[in-house]
Novice: 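Got a structure for you, questions after.
Everything numeric here is computed off the predicted structure, so don't read it as measured data. We use all heavy atoms of the structure for the numbers below, so side chains are in, but hydrogens, waters and symmetry mates are not.
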Amino acid sequence: MLIRDKLPEYHAQKGRDIEHCTLDKNAFRRRLMQEMHQRLTNLDDKAKRPTELPSLQAGHQPAFTDDLVQLFAFLEAFMFEQGVAPDKVYAELRKRRTEFGGYEKRLAFTEK
């Protein structure tokens with residue numbers, strides 16, 4: 001499991017020592033992809049069964065939001081790893097949303 005950069009220091013300040021290592025670039029990228037896939041799977045599972053999760057229906061979505069936050073954090077880590085500034089990606093995202101819209105209508109091309 002990947003951990004955030006400041007987590008070892010946080011635990012050290014609390015008097016706890018956590019075992020951790022620094023991954024090489026390839027291992028980090030593989031682990032990052034695995035973690036993103038797991039978060040996407042979690043989100044998909046939760047979205048498939050909203051009746052089992054009253055918090056999703058009531059608009060209180062702490063577990064769902066946590067998975068989204070982690071997914072965004074992993075995407076940002078991937079961007080940094082690839083030398084892409086997240087601010088530029090977010091700016092392009094806003095530009096495309098303004099120009100072409102979002103995905104709220106759930107549209108898709110049909111195959112001919």
Novice: Find out if a path of hydrophobic residues (ILVMFWY) with successive side-chain heavy-atom gaps under 4.5 Å connects Y10 to I18.
Specialist: yes
Novice: Quick one: does L75's side chain get under 4.5 Å of V89's, heavy atoms only?
Specialist: no
Novice: Can you tell me how far CZ of F28 sits from CG of L2, rounded to the nearest 0.5 angstrom?
Specialist: 5.5 Å
Novice: Are F74 and L23 linked, directly or through other ILVMFWY residues, by side chains that come within less than 4.5 angstrom of each other?
Specialist: yes
Novice: Check side chain to side chain contact (heavy atoms under 4.5 Å, CB included) between L43 and all other residues, then give those that pass, not counting sequence neighbours.
Specialist: F64, D67, L68, L71
Novice: Rounded at 0.5 Å granularity, tell me how far CD in E19 sits from CG in D17.
Specialist: 7.5 Å
Novice: Looking at residues at least two apart in the chain, or sitting in another chain, which of them share a salt bridge (charged side-chain N to carboxylate O under 4.0 Å, His left out) with E99?
Specialist: none
Novice: Give a yes-or-no answer on whether the side chains of N42 and R39 include a donor-acceptor pair shorter than 3.5 Å.
Specialist: no
Novice: Please round to the nearest 0.5 Å and tell me the distance separating atom CG of L32 and atom CZ of F80.
Specialist: 12.5 Å
Novice: Which value, rounded to the nearest 0.5 Å, describes the distance between R29 atom CZ and D24 atom CG?
Specialist: 9.0 Å
Novice: Give me the atom names and distance for the closest heavy-atom approach of R4 to Q70.
Specialist: NH2-OE1, 3.0 Å
Novice: Between R31 and E35, is there a salt bridge with N-O shorter than 4.0 Å?
Specialist: no
Novice: What's the separation between atom CG in D87 and atom CG in L93, rounded to the nearest 0.5 Å?
Specialist: 12.0 Å
Novice: Are M33 and I3 co-members of a hydrophobic cluster defined by side-chain heavy atoms under 4.5 Å apart?
Specialist: no
Novice: Can you tell me how far OH of Y90 sits from CZ of R97, rounded to the nearest 0.5 angstrom?
Specialist: 14.0 Å
Novice: Within a strict 4.5 Å, meaning less than it, do heavy atoms of the D45 and T41 side chains meet?
Specialist: yes
Novice: Could you check whether atom NE2 of H11 has more than 12 heavy atoms from other residues, nucleotides or ligands sitting under 6.0 Å from it?
Specialist: yes
Novice: Looking at every heavy atom in both D5 and P8, which two are closest together, and how far apart are they?
Specialist: O-CD, 3.5 Å
